[in-house]
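Here's the structure we're looking at; comments come further down.
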Amino acid sequence: MTPDPQREIRSRTRRSLITGAVAALAGGAAWEWLSTRREDDGIQWPLRLALRANEQLTRDYFKPARLARTFPPGAVESGRVNGDIGIKDPVPADWSLKVAVASDDGNREFQLSLADIQALPKVEQITELKCIEGWTRVLRWGGARFRDFVARHAPDRVDFDEGNDYVGMETPDAKYYVGLEMASAMHPQTLLAYEMNGKPLTGQHGAPLRLVIPLKYGIKNLKRIGKISFAFTRPPDFWGEQGYDWYAGF
Ligand SMILES: Nc1nc2c(c(=O)[nH]1)N[C@H]1C(S)=C(S)[C@@H](COP(=O)(O)O)O[C@H]1N2
Ligand SMILES: [Mo]
């Protein structure tokens, strides 16, 4: 049996943790492949097993240069709104993007406007938003590459330490939050988006600024970013805390 990691991960993410753990054990070749590659360092068996296996499988296959599929303009679909945690109230009138940068020289915090993000090189990309509930949408996003944002506003974080550097994002009310490893945040298709399908983002799709990270499931594509934090430890993650795969990539 040839392991098909993408399929493994997708189906495993949808399954319960227990089922996932059993599948990981029963997965034969896939599991053997995995265990020859990585030490399972003191994982709490069996619950952690599914999570860690899933995550390590993704990580082993993840290469910074790997790109999510892009689509021609004719493939663009209309949006489908899903998830309103942290965006039920109107966008705060005094919205600004808060940035917190932990660094070896101490922490610093500052605020940016939407104009500051729009001043970065604009990228348009047509990618697929995949919800773990089982639907997808091909959408055209306009925004700035996260890595251009880092280069301009947190240049000391450009040379990140894989495995030790993370980014956390949260809504202005902090009710929805996601954690990302730096390599995924810095991926060239990861955008701070302010347009969807050629128009400014609507409130339900995350105005004024949202995360678009096509190498991860919808749950990580946080709408209405209020704060971005650069950290040295794994940031909290809303769905990760509910038992979903923290990495949530494919
Ligand atoms: N603030 C916030 N962002 C969120 C969510 C949410 O509940 N609150 N749901 C996520 C989920 S599960 C999905 S699938 C996508 C859906 O984005 P869309 O409504 O633009 O299609 O938003 C993600 N970002
Ligand atoms: Mo979702």
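Heavy atoms only: backbone and side chains are in, while hydrogens, waters and symmetry mates are out. Counting convention: from 1, in listed order, for ligands and their atoms alike.
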*Test side chain to side chain donor-acceptor pair (under 3.5 Å) applied to Glu133 and Tyr217, step by step*: CA-CA 10 Å; Glu133 290 167 11; Tyr217 281 103; over 6 Å; no
Distance to 0.1 Å, residue and atom name: give those for the protein heavy atom nearest to [atom].
atom: atom 24 (N) of ligand 1; result: Asn221 O, 2.9 Å
atom: atom 12 (S) of ligand 1; result: Ile219 CG2, 3.6 Å
atom: atom 23 (C) of ligand 1; result: Gly218 O, 3.2 Å
atom: atom 16 (C) of ligand 1; result: Asn82 O, 3.3 Å
atom: atom 5 (C) of ligand 1; result: Tyr176 CZ, 3.7 Å
atom: atom 19 (O) of ligand 1; result: Lys223 NZ, 2.6 Å

Short list, please: which atoms of ligand 1 are under 4.0 Å from a heavy atom of [X]?
X: Cys131; value: 14 (S)
X: Thr171; value: 1 (N)
X: Ile87; value: 1 (N)
X: Arg80; value: 18 (P), 19 (O), 21 (O)
X: Val81; value: 19 (O)
X: Leu129; value: 16 (C), 17 (O), 21 (O)

*Is there a side-chain contact (heavy atoms from CB on, under 4.5 Å) between Thr127 and Arg69 once you walk through the steps?*
CA-CA 6 Å; Thr127 50; Arg69 187 174 166 202; over 6 Å; no
*Look at the rings of Phe230 and Phe149 and say which category their plane angle falls in: under 30° parallel, 30 to 60° tilted, over 60° perpendicular.*
parallel
*asked:* Using side-chain contact (heavy atoms from CB on, under 4.5 Å), reason through Ile117 and Leu97 one step at a time and then give a plain yes or no.
replied: CA-CA 9 Å; Ile117 303 304; Leu97 178 64; 3.8 Å; yes
*How far does CG of Leu209 sit from NZ of Lys223, to the nearest 0.5 angstrom?*
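NZ of Lys223 is found 14.0 Å from CG of Leu209.
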*Can you tell me how far CH2 of Trp135 sits from CD of Glu128, rounded to the nearest 0.5 angstrom?*
10.5 Å
Are any of the N/O atoms in [X] less than 3.5 Å from those in ligand 1?
X: Trp239; answer: no
X: Asp84; answer: yes
X: Arg210; answer: yes

*Find out whether Phe146 and Ile228 are in side-chain contact, i.e. whether some heavy atom of one side chain is under 4.5 Å from a heavy atom of the other.*
yes
*Phe110 ring centre to Lys98 NZ or CZ under 6.0 Å, with the angle to the axis within 45°?*
no
*Tell me, please, whether Trp246 has Lys220 positioned over its six-membered ring: NZ or CZ under 6.0 Å from the ring centre and within 45 degrees of its axis?*
yes
*asked:* Side chain, backbone, both or neither: which applies to Ile85 and ligand 1 if a contact is any heavy-atom pair less than 4.0 Å apart?
replied: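 Ile85 to ligand 1: contacts from backbone and side chain alike.
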*Of the options Arg140, Gln118, Lys122, which is the one that meets Glu195 in a side-chain hydrogen bond (donor to acceptor under 3.5 Å, both in side chains)?*
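So the option named by the test is Lys122.
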